[in-house]
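Here is the structure we will look at.
Every heavy atom of this structure was used, including side-chain atoms; hydrogens, water molecules and symmetry mates were not. This is a predicted model, so every value here is computed, not measured. Residue numbers start from 1 in every chain, and the chains themselves are labelled A, B, ... in the order their sequence lines are given, proteins ahead of strands.
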4 protein chains.
Amino acid sequence: MVVAGREHVHVLQEEDSSKRRQILAGAHKVFMDLGFDGASMGEIARAAGVSKGTLYVYFADKSALFEAILEEEALFHGQVVFNFDPARDAETTLNDFGQAYLHLLCRPGGGSAIRTVMAIAERMPDVGRRYYMRVLDKTINRLSEYLRAHVASGDLAIDDCDLAASQFMELCKASLFLPFVFQAAPPPSEQRMAEVIDSATRMFLGAYKAK
Amino acid sequence: MVVAGREHVHVLQEEDSSKRRQILAGAHKVFMDLGFDGASMGEIARAAGVSKGTLYVYFADKSALFEAILEEEALFHGQVVFNFDPARDAETTLNDFGQAYLHLLCRPGGGSAIRTVMAIAERMPDVGRRYYMRVLDKTINRLSEYLRAHVASGDLAIDDCDLAASQFMELCKASLFLPFVFQAAPPPSEQRMAEVIDSATRMFLGAYKAK
Amino acid sequence: MVVAGREHVHVLQEEDSSKRRQILAGAHKVFMDLGFDGASMGEIARAAGVSKGTLYVYFADKSALFEAILEEEALFHGQVVFNFDPARDAETTLNDFGQAYLHLLCRPGGGSAIRTVMAIAERMPDVGRRYYMRVLDKTINRLSEYLRAHVASGDLAIDDCDLAASQFMELCKASLFLPFVFQAAPPPSEQRMAEVIDSATRMFLGAYKAK
Amino acid sequence: MVVAGREHVHVLQEEDSSKRRQILAGAHKVFMDLGFDGASMGEIARAAGVSKGTLYVYFADKSALFEAILEEEALFHGQVVFNFDPARDAETTLNDFGQAYLHLLCRPGGGSAIRTVMAIAERMPDVGRRYYMRVLDKTINRLSEYLRAHVASGDLAIDDCDLAASQFMELCKASLFLPFVFQAAPPPSEQRMAEVIDSATRMFLGAYKAK
DNA sequence: AATGAATGAGCCTTCATTCAT
DNA sequence: CATGAATGAAGGCTCATTCAT
């Protein structure tokens with residue numbers, strides 16, 4: 001018997017064993033569909049195609065698994081490249097960003113992450129805070145930075161770029177996001193989204209375009 | 001003795017027996033703190049100072065109790081008078097409304113209702129929809145109507161007043177509401193709220209003021 | 001103030017205050033429909049048109065109420081006059097008795113008493129025993145006595161008249177009663193009952209008619 | 001080692017894992033002692049020596065467990081071989097059958113199944129019906145078939161063999177079964193049972209023996 | 001006497017977690 | 001490492017019973 005076994009060592013520590021990915025996939029679906037409390041470990045195990053026991057090999061408990069899902073979600077958000085190249089003109093950039101952002105939020109099951117995290121923010125404040133910082137605040141900051149660059153270049157005239165960034169993002173959601181997360185309306189059509197983002201961009205630039 | 005007997009009216013049927021109010025108060029706190037799933041009927045009973053059985057004398061089940069809480073919340077929202085007198089000028093009206101609206105959302109425990117309802121909107125879509133319609137949509141409509149009056153009077157120039165109303169409301173939340181519901185920041189200061197609403201009003205009127 | 005009030009005294013002791021009858025009527029229906037465990041005091045109160053508290057004014061507890069029902073049932077059985085006049089000839093008497101007995105058992109809701117009592121005989125043996133003695137055994141004894149009279153008159157030749165009485169009663173139920181109590185068949189038709197009783201009478205007399 | 005591994009078969013799926021048998025045994029006792037409503041899952045768990053949760057690993061709910069008990073009972077009845085070889089003479093066959101049948105009904109706890117099922121037949125008609133068909137009706141049919149064979153061979157003269165079969169079975173119970181199920185008498189002695197069956201056989205053959 | 005609001009014990013069931021294999 | 005059987009602590013809900021009015 002020679003060096004056999006080396007490749008089996010510490011497999012659990014690896015962030016990406018296939019079982020782990022498998023579990024995360026199943027858990028993601030179940031958590032997003034049913035919420036933290038509504039999701040049961042049994043359901044997750046079934047959705048992941050593993051045994052309940054295996055869940056606990058990879059994750060300490062239900063909360064740890066949930067937080068891993070959010071981690072994933074955060075990574076996914078991070079990978080959605082918002083093109084904030086300072087060289088691009090503001091109108092196009094904002095429009096493109098608005099599109100991408102709104103699609104992210106309103107994709108089927110897209111409100112779910114926000115909804116799900118919000119739901120437990122009161123009981124698990126750290127989780128809420130962490131998610132906000134890693135996902136929403138980060139996006140605000142990137143946009144804010146982009147805006148600052150254009151302020152510097154004299155293109156835009158903005159006092160509080162963080163506020164402005166947040167304002168633009170809120171404008172993009174106007175009339176669309178809340179009905180969607182409250183299940184009071186189906187996901188918005190492409191056309192409607194375009195109209196809303198158009199309006200947002202116009203209003204935003206109307207206010208902040210340097211004269 | 002003249003008015004004798006009035007106090008013998010059977011109170012269970014009344015919307016407002018004191019026990020009922022007592023239960024609603026306890027349930028409100030527990031539901032808002034822990035969410036629908038996190039709240040247990042036992043905890044609620046304890047918080048309300050009644051026995052578990054009594055809960056079921058006044059409410060058919062946990063859901064019914066929860067929905068009664070939301071009803072209450074909706075009534076509370078309805079009672080917050082937003083002064084939409086068409087005679088008032090837009091700037092003042094929007095500023096005042098923004099203040100009231102933001103205070104409503106960011107009062108301690110104020111994000112909780114929204115958060116809590118959002119949380120179960122996936123599993124209980126009717127509840128989500130109902131809440132959205134009775135609380136959020138209703139406010140949008142009132143503001144929208146006000147705006148339409150000023151469009152008619154030539155004061156404002158707005159194409160889509162519903163969208164505009166929603167835009168203003170979103171602008172008011174910019175940089176404040178999300179950190180607050182995600183527990184990533186304490187309730188905003190009065191001053192910061194004033195600033196944000198000011199900025200929102202300016203941007204809004206800049207876009208929609210008739211020339 | 002004269003003698004007022006006398007008629008209100010000890011009303012509870014009277015076996016027949018109208019409230020008491022009212023309660024018994026409601027309780028009878030509910031107990032027979034749902035069985036001892038299935039019946040709830042609330043349901044009984046509703047069926048009787050009185051408040052739950054009133055139930056406890058007239059009966060110590062659920063068991064006492066149930067036993068009162070059985071008492072009633074026993075009285076009812078006792079009132080069904082089986083014509084055991086020794087002067088009547090055996091064939092007619094048996095046939096008539098068989099008819100009456102089978103109707104008693106198979107009347108809609110008629111299996112219910114037997115079923116209901118049987119159901120709790122294990123947990124409340126006294127109740128079972130008492131019911132058997134007061135209702136079933138009593139009928140056996142009456143028939144048995146009738147048979148003895150005819151044995152004495154040389155009409156019938158029976159060794160064990162108690163056994164014979166029981167045999168006839170069992171024969172009357174053949175193919176009809178069990179399917180009925182197990183809900184495996186609807187209440188038997190008049191004609192089928194007549195046939196079965198005819199067959200029973202013939203077999204019985206064939207065996208016990210004196211030669 | 002040759003046959004290794006056989007013991008690793010997953011047993012939950014098997015109809016006969018030892019835990020499953022253990023639960024059925026405990027449940028059987030508790031259900032028969034207390035009836036369906038009187039039996040609590042906690043009591044059953046204790047009687048079976050397993051945790052309450054385990055009950056639900058093997059049976060979907062209380063009803064399913066109960067029906068499994070009845071299934072068992074039906075199987076047990078099915079395994080009691082009534083020797084209905086058409087070649088055997090009627091007197092012996094009936095006598096032997098009567099003995100076996102009566103022992104089945106009057107064994108300690110033997111009335112319990114019938115009693116217990118009867119008890120819920122009103123609220124769960126399917127259960128009652130099923131039990132009747134699988135246990136009682138099946139026995140009637142076997143006996144009926146035997147009788148038909150002897151009618152064919154000219155041995156017996158019977159018009160309605162189903163009725164006749166039922167009649168014989170009822171005759172066997174005469175004076176014994178009802179007092180027993182109502183707890184009004186202890187299980188009958190062997191001698192008394194023999195006498196009653198003797199009498200039943202004589203009466204039956206007296207009526208149906210071909211002349 | 002009659003009420004019905006209130007109680008709290010107890011029931012069925014679910015589920016996160018553990019552990020022997 | 002993977003399994004899934006087993007657990008026991010809750011949870012939602014019902015109901016017999018009590019008691020102030």
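With respect to C:Asp37 and D:Arg123, no salt bridge is recorded, no charged nitrogen being found less than 4.0 Å from a carboxylate O. Between B:Arg130 and B:Glu71 a salt bridge is recorded (basic side-chain N to carboxylate O distance below 4.0 Å).
Within the 4.0 Å cut-off from OP1 or OP2 of F:dC1, not a single side-chain nitrogen or oxygen of A:Tyr58 is found. For B:Lys19, no side-chain nitrogen or oxygen approaches OP1 or OP2 of E:dA5 to under 4.0 Å.
Taking the six-membered ring where the residue is Trp, A:Phe36 and A:Phe31 present parallel rings, their angle staying beneath 30° rather than reaching 60°.
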Indicate every side-chain donor-acceptor pair of residues 42-50 of chain C with a distance under 3.5 Å to a residue at least two apart or in another chain.
{"residue": "C:Glu43", "atom": "OE1", "partner": "C:Arg46", "partner atom": "NH1", "Å": "3.4"}

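The separation between B:Met41 atom CE and E:dG10 atom P is 20 Å, rounded to whole Å. A:Arg20 places its CZ atom 16 Å from the C1' atom of F:dC1, with the value rounded to the nearest Å. As rounded to whole Å, 16 Å separates atom P of E:dC11 from atom CG of D:Leu65. Summarising the geometry, the separation between CZ on C:Phe59 and C1' on F:dT18 is reported as 18 Å, rounded to the nearest angstrom.
For DNA chain F, the neighbouring residues in residues 29-40 of chain B, judged by any heavy atom under 4.0 Å, are B:Ala39, B:Ser40. Within residues 43-56 of chain A, the residues approaching DNA chain E are A:Lys52, A:Tyr56, by heavy-atom distance under 4.0 Å.
Atoms CD and NE2, on A:Glu73 and A:His28 in that order, are 4.0 Å from each other to the nearest 0.5 Å. Here D:Ile120 contributes atom CD1 and D:Arg115 contributes atom CZ; the two are 14.0 Å apart, rounded to the nearest 0.5 Å. Taking CZ from D:Arg20 and CZ from D:Phe59, the interatomic distance works out to 4.0 Å, rounded to the nearest 0.5 Å. Expressed to the nearest 0.5 Å, how far CZ of B:Arg21 lies from OH of B:Tyr58 amounts to 11.0 Å.
Listed by chain and number, the residues in a side chain to side chain contact (heavy atoms under 4.5 Å, CB included) with B:Ala119 are A:Ala119 (sequence neighbours excluded). Partners of C:Lys29 under the side chain to side chain contact (heavy atoms under 4.5 Å, CB included) rule, at least two apart in sequence or in another chain, are C:Asp33.
Of all heavy-atom pairs spanning D:Ala74 and D:Arg134, the tightest one is CB-NE, 4.0 Å.
Each of E:dT13, E:dA6, F:dT3 was ranked by its minimum atom distance to the side chain of B:Val57; first place goes to E:dA6. When the nucleotides E:dA1, F:dT17, E:dC12 are ranked by their closest atom to the side chain of C:Lys62, F:dT17 comes out on top.
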query = Reading DNA chain F 5' to 3', how would its secondary structure be written in dot-bracket notation, given Watson-Crick and G-U pairs with both distances under 3.5 Å, brackets [ ] for crossing pairs and | for partners on other strands?
reply = .||||||||||||||||||||
